[in-house]
Every structure is written in structure tokens, then in C-alpha cells.
Amino acid sequence: MIQTSYSKAISAVKNPAKIVLAIVKDKNGKINLITLEWFMKTSIKPPMMAISIGHTRYSYKCLQDFRYFNLCFPSKEMSDAVMLCGTKSGRDLDKLEETGLDWFKGKLAQLPILKEAAANFECVVYTQVKSGDHTIFVGEVKYSWLDKEKEILLFEDI
Ligand SMILES: Cc1cc2nc3c(=O)[nH]c(=O)nc-3n(C[C@H](O)[C@H](O)[C@H](O)COP(=O)(O)O)c2cc1C
């Protein structure tokens with residue numbers, strides 16, 4: 001064991017890791033998708049999940065204005081969409097249209113449920129906490145969707 005930099009140590013223990021998409025909506029009703037590595041389960045009763053969003057992201061602004069998000073676990077066939085949503089900003093483009101992903105209306109807040117995904121969770125923002133240059137949004141899961149036929153995308157697949 002040797003002392004090293006934070007970036008060396010954290011990248012060495014990162015994988016295997018999952019990647020998710022958070023689906024949000026801006027104040028004008030435009031849907032936005034953001035790729036996230038930083039997410040976690042935070043409660044069983046009621047079920048809750050948290051996502052950590054950088055303050056420079058358009059999605060951060062969306063979450064301030066519209067207090068819902070869908071957490072989507074992409075399937076392997078969604079790797080191109082995941083790269084696009086992790087490298088382009090919703091300020092400049094309609095990512096939902098650009099990805100060409102199929103979706104249907106969710107039960108909770110009419111945020112899209114992505115059909116090609118392995119699972120989707122519809123969340124209401126319960127609380128948020130600032131964490132340096134990111135904010136952690138904790139969402140209470142209201143409805144869950146699963147497609148057991150889909151193989152889940154891992155970080156190493158992209
Ligand atoms: C693999 C991968 C993981 C990422 N994880 C996060 C994350 O956990 N939190 C975050 O704020 N940004 C993360 N990003 C960066 C955002 O997805 C990226 O800045 C995106 O373009 C922001 O879009 P927006 O401006 O439409 O919100 C990640 C990007 C990639 C490619």
C-alpha cells in the first residue's frame with residue numbers, strides 16, 4: 001500500500017461500474033437526458049435513489065425548476081445514446097430527439113420511460129445536498145419499470 005493521488009486511487013477502484021441516464025425536464029417543458037456515473041440507492045422504505053449533478057450541467061438547472069427525474073438503466077444497445085448524452089448539453093440540442101430512442105409516458109410526471117432500457121425508476125425529488133461542485137438530488141421512487149430481456153450496460157462497454 002502506497003499513498004498516491006486521489007485520481008489514481010479512485011480510477012483504480014472504479015470498475016466494474018454501471019452507468020445511468022437521468023431524464024429531466026426544463027421549465028419550458030423540454031426533456032433532457034444526462035449520462036451519470038455517480039448515483040446510488042439511499043433508502044429501502046420508502047425506496048430512494050440519489051444522483052450527483054455538476055453545477056455547470058443544464059440538467060442541474062432543470063432539476064432546480066422541475067422536481068422530478070427518471071433514472072434509467074440503459075441496455076447494451078444504448079451505448080451510442082449514453083455517449084451522446086454524456087458529451088453534449090441540452091442547452092444546445094434536443095438529446096431525446098437526437099438519440100432517436102423510443103419512449104412512452106411515465107405514470108408519475110409524464111417524463112419519458114425509455115423502451116430500450118433494462119429498467120426505469122420514476123422519482124420525485126425528496127431533498128438535495130450540495131457536495132462541492134456537484135449537488136446530490138435524492139429522489140423517492142414512485143414507479144419502477146423492468147425489461148428482463150435487456151442486458152444492462154456497464155461503464156466498460158462505452
Ligand atoms: C461516462 C460518463 C459519466 C458521467 N457521469 C456524470 C455524473 O455522475 N455527474 C455529472 O454531473 N456529470 C456526469 N457526466 C457528464 C455529463 O453527462 C455531461 O457533462 C453532459 O453533457 C451534461 O449534459 P447537460 O448539460 O445536458 O445536463 C458523465 C459523462 C460521462 C460520459
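No experiment lies behind these values; they were computed from the predicted model shown. All ligand and atom numbering here is 1-based and tracks the order in the structure.
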- Query: What heavy-atom pair brings Arg91 and Thr56 nearest, and what distance separates the two atoms?
  - Reply: NH2-O, 2.6 Å
- Query: Is atom NZ of Lys88 surrounded by more than 12 heavy atoms (other residues, nucleotides or ligands) closer than 6.0 Å?
  - Reply: no
- Contacts of type salt bridge (Lys or Arg N to Asp or Glu O under 4.0 Å), residue Glu77, not counting sequence neighbours: Lys150
- Task: Look at the aromatic rings of His55 and Tyr60 and report parallel, tilted or perpendicular, splitting at 30° and 60°.
- Result: tilted
- Query: Taking only residues two or more places apart in sequence, or in another chain, which ones meet Lys41 in a salt bridge (Lys or Arg N to Asp or Glu O under 4.0 Å)?
  - Reply: none
- Task: Output the set of protein residues with a heavy-atom contact under 4.0 Å to ligand 1, ordered first by chain identifier and then by residue number.
- Result: Ile19, Asn32, Ile34, Thr35, Leu36, Glu37, Trp38, Ser52, Ile53, Gly54, Arg57, Tyr58, Ser59, Cys85, Gly86, Thr87, Lys88, Ser89, Gly90, Lys95, His134, Phe155, Ile158
- Query: With sequence neighbours left out, what residues match Asp80 under salt bridge (Lys or Arg N to Asp or Glu O under 4.0 Å)?
  - Reply: none
